[in-house]
Amino acid sequence: MGSQTSSNMRCFGPGMTHFGCGNVSRETFDVFYSDFIASHAAKNVKALKSRLVCFLGSAYNSNMQTISTPVKTWFEQDLNVSRETLDRLSQYADLVVKWQPRINIVGASTAEDVWGRHLQDSAQLWPYVQDIATTGKIVDFGSGAGFPGIVLAILGANNVTLMESNTKKTVFLMEAARVCGVLDKTEIARERIEAAAPRDADVITARAFAPLPKLLELGQRHLKDGGHYVLLKGRAFEDELADARDAGWTFDVTTHASLVDPDGVVMILKGVGR
């Protein structure tokens with residue numbers, strides 16, 4: 001199982017895990033997952049317990065990341081999230097910080113402000129996907145640490161596919177989904193986007209993933225007719241739009257100033273074609 005899991009593990013769903021072309025039981029996956037956690041655990045017992053407490057479903061207390069008053073107010077008033085949802089986001093923030101030294105899932109300089117740099121940045125997409133969140137399908141390209149896919153699932157999206165080719169990051173995503181209580185709302189897919197079966201997405205999201213022409217090239221197989229893109233883009237977004245048009249893509253674009261990145265935008269693309 002060792003070599004197969006490292007090269008062919010494709011996706012984790014609520015009831016079954018897929019390795020290569022075959023199905024394996026949840027028990028088999030749990031063995032793999034436990035082995036991974038053990039192999040990457042720190043030598044001291046306290047650190048090991050802190051990693052396993054979420055995986056084992058034990059009580060979890062947030063004690064690492066503190067949310068600033070402005071960010072907390074934004075979540076409570078602008079997004080109108082519940083205390084339970086804030087607690088789940090806190091658990092997620094702490095988990096990111098705990099795993100960061102082991103698998104480098106976010107930039108080192110941003111790990112000190114997970115709430116602002118990552119959670120709020122991801123959550124600002126919620127108003128633009130909320131209309132399809134209950135019945136539609138969101139596919140998140142290059143999920144990495146789960147931004148924005150896991151955040152959107154915590155906020156209420158019922159069907160989120162997180163596509164990430166890195167094995168260690170997909171294991172982190174599995175634990176994050178369990179800790180935050182969204183395992184039944186997510187599919188965690190370890191596979192390359194260009195090789196994956198079409199996902200028939202209502203919305204494709206991405207954050208710090210790929211230049212727009214490449215992203216559209218990858219997304220054309222996975223976006224259903226009438227679907228659209230909701231993307232987080234940085235200061236070069238105008239150049240990316242120009243490059244995409246030069247590559248033959250047509251679309252209707254709307255941009256909204258980012259709440260987190262002073263040079264960035266939330267980019268919405270509809271009617272994409274070539």
Side-chain angles (χ1 to χ4, degrees), residues 10-13 118 121-166 169-170 173 176-177 182 185-234 236-241 243-245 247-256 258 260-261 264-274:
R10 296 195 328 190
C11 61
F12 311 138
H118 299 290
D121 193 33
S122 298
Q124 68 179 314
L125 298 188
W126 180 245
Y128 307 111
V129 303
Q130 193 171 6
D131 59 333
I132 62 93
T134 301
T135 58
K137 183 174 187 177
I138 297 171
V139 175
D140 186 34
F141 280 1
S143 293
F147 303 116
I150 290 286
V151 174
L152 297 177
I154 293 172
L155 291 175
N158 286 327
N159 187 351
V160 182
T161 297
L162 299 105
M163 304 191 76
E164 172 56 54
S165 62
N166 182 284
K169 290 179 180 178
T170 54
L173 291 171
V182 295
K185 299 180 177 182
T186 55
E187 176 195 359
I188 299 168
R190 185 206 178 275
E191 51 190 340
R192 299 194 65 82
I193 294 168
E194 60 268 31
R199 296 292 176 171
D200 202 32
D202 293 278
V203 171
I204 289 176
T205 60
R207 175 180 184 258
F209 171 62
L212 188 59
K214 178 66 172 177
L215 197 156
L216 297 180
E217 187 76 36
L218 293 170
Q220 62 181 341
R221 297 174 51 251
H222 298 288
L223 191 69
K224 70 187 299 183
D225 290 341
H228 61 281
Y229 295 82
V230 179
L231 311 171
L232 286 161
K233 284 294 182 180
F237 72 92
E238 291 181 335
D239 291 337
E240 291 191 37
L241 287 168
D243 290 343
R245 291 188 176 106
W249 293 101
T250 59
F251 42 74
D252 297 319
V253 58
T254 304
T255 60
H256 304 272
S258 170
V260 175
D261 179 357
V265 297
V266 175
M267 179 185 292
I268 302 171
L269 298 177
K270 296 183 177 182
V272 177
R274 196 178 194 182

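Note that the structure is predicted; figures quoted are calculated from it, not measured.
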No-hydrogen, no-angle side-chain donor-acceptor test under 3.5 Å, Asn158 and Thr134:
no

For Ala157 and Val160, work out which heavy atoms get closest and say how close.
CB-CG2, 3.6 Å

Considering only residues two or more places apart or on different chains, which pairs with a residue in residues 264-274 satisfy salt bridge (charged side-chain N to carboxylate O under 4.0 Å, His left out)?
Glu217-Arg274

Can you find a heavy atom in the side chain of Val253 that is under 4.5 Å from one in the side chain of Met267?
yes

Cationic N near anionic O, under 4.0 Å, Glu194 to Arg221
no

If you look at every heavy atom in Ala123 and Leu155, which pair is closest and at what distance?
CB-CD1, 3.9 Å

Can you confirm whether Tyr229 sits close enough to Leu216 that some side-chain heavy atom of one is under 4.5 Å from a side-chain heavy atom of the other?
yes

So that I know where these two stand, are Phe251 and His228 an aromatic pair - ring centroids less than 6.0 Å apart?
no

Does Phe237 have any ring pair (Phe, Tyr, Trp, His ring centres under 6.0 Å) partners at least two apart in sequence or in another chain, and if so, which?
none

Side chains of Ser258 and Gln124, donor plus acceptor under 3.5 Å
yes

Close side-chain approach of Leu231 to Thr205, heavy-atom, < 4.5 Å
no

Give me the atom names and distance for the closest heavy-atom approach of Ala206 to Leu215.
CB-CD1, 3.7 Å

Evaluate the side-chain contact (heavy atoms from CB on, under 4.5 Å) criterion for residues Thr250 and Val272: first the C-alpha distance (whole Å), next the side-chain angles of each, then the deciding distance (0.1 Å), finally the verdict.
CA-CA 6 Å; Thr250 59; Val272 177; over 6 Å; no

Going by heavy atoms in the side chains, are Arg207 and His118 under 4.5 Å from each other?
yes

Run the side-chain contact (heavy atoms from CB on, under 4.5 Å) test on Leu218 and Lys214 for me, step by step, so that the C-alpha distance in whole Å, both residues' side-chain angles and the decisive distance to 0.1 Å come before the verdict.
CA-CA 6 Å; Leu218 293 170; Lys214 178 66 172 177; 4.1 Å; yes

Nearest heavy-atom approach of Ser143 to Leu173 is CB-CD1, 4.1 Å

Mind checking whether Ile188 and Glu164 have side chains closer than 4.5 Å, heavy atoms only?
no

Is there a side-chain contact between Asp140 and Pro148, using heavy atoms and a 4.5 Å cut-off?
yes

Taking all heavy atoms of Phe209 and all of Gly142, pick out the closest pair and write down the distance.
CD1-CA, 3.7 Å

Quick check for you: to the nearest 0.5 Å, what is the distance between Thr186 atom OG1 and Asn159 atom CG?
9.5 Å

For Ala210 and Lys233, work out which heavy atoms get closest and say how close.
O-NZ, 2.7 Å

Min side-chain heavy-atom separation Ile138-Ile132 under 4.5 Å
yes

Within 6.0 angstrom of Gln220 CD, more than 12 heavy atoms from elsewhere:
yes

Roughly how far apart are Ile193 CD1 and Arg199 CZ, rounded to 0.5 Å?
10.0 Å

Out of Leu212, Val230, Asp252, which one pairs with Leu269 under the side-chain contact (heavy atoms from CB on, under 4.5 Å) rule?
Leu212

State, yes or no, whether a side-chain contact exists between Lys137 and Thr161 at a heavy-atom distance under 4.5 Å.
yes

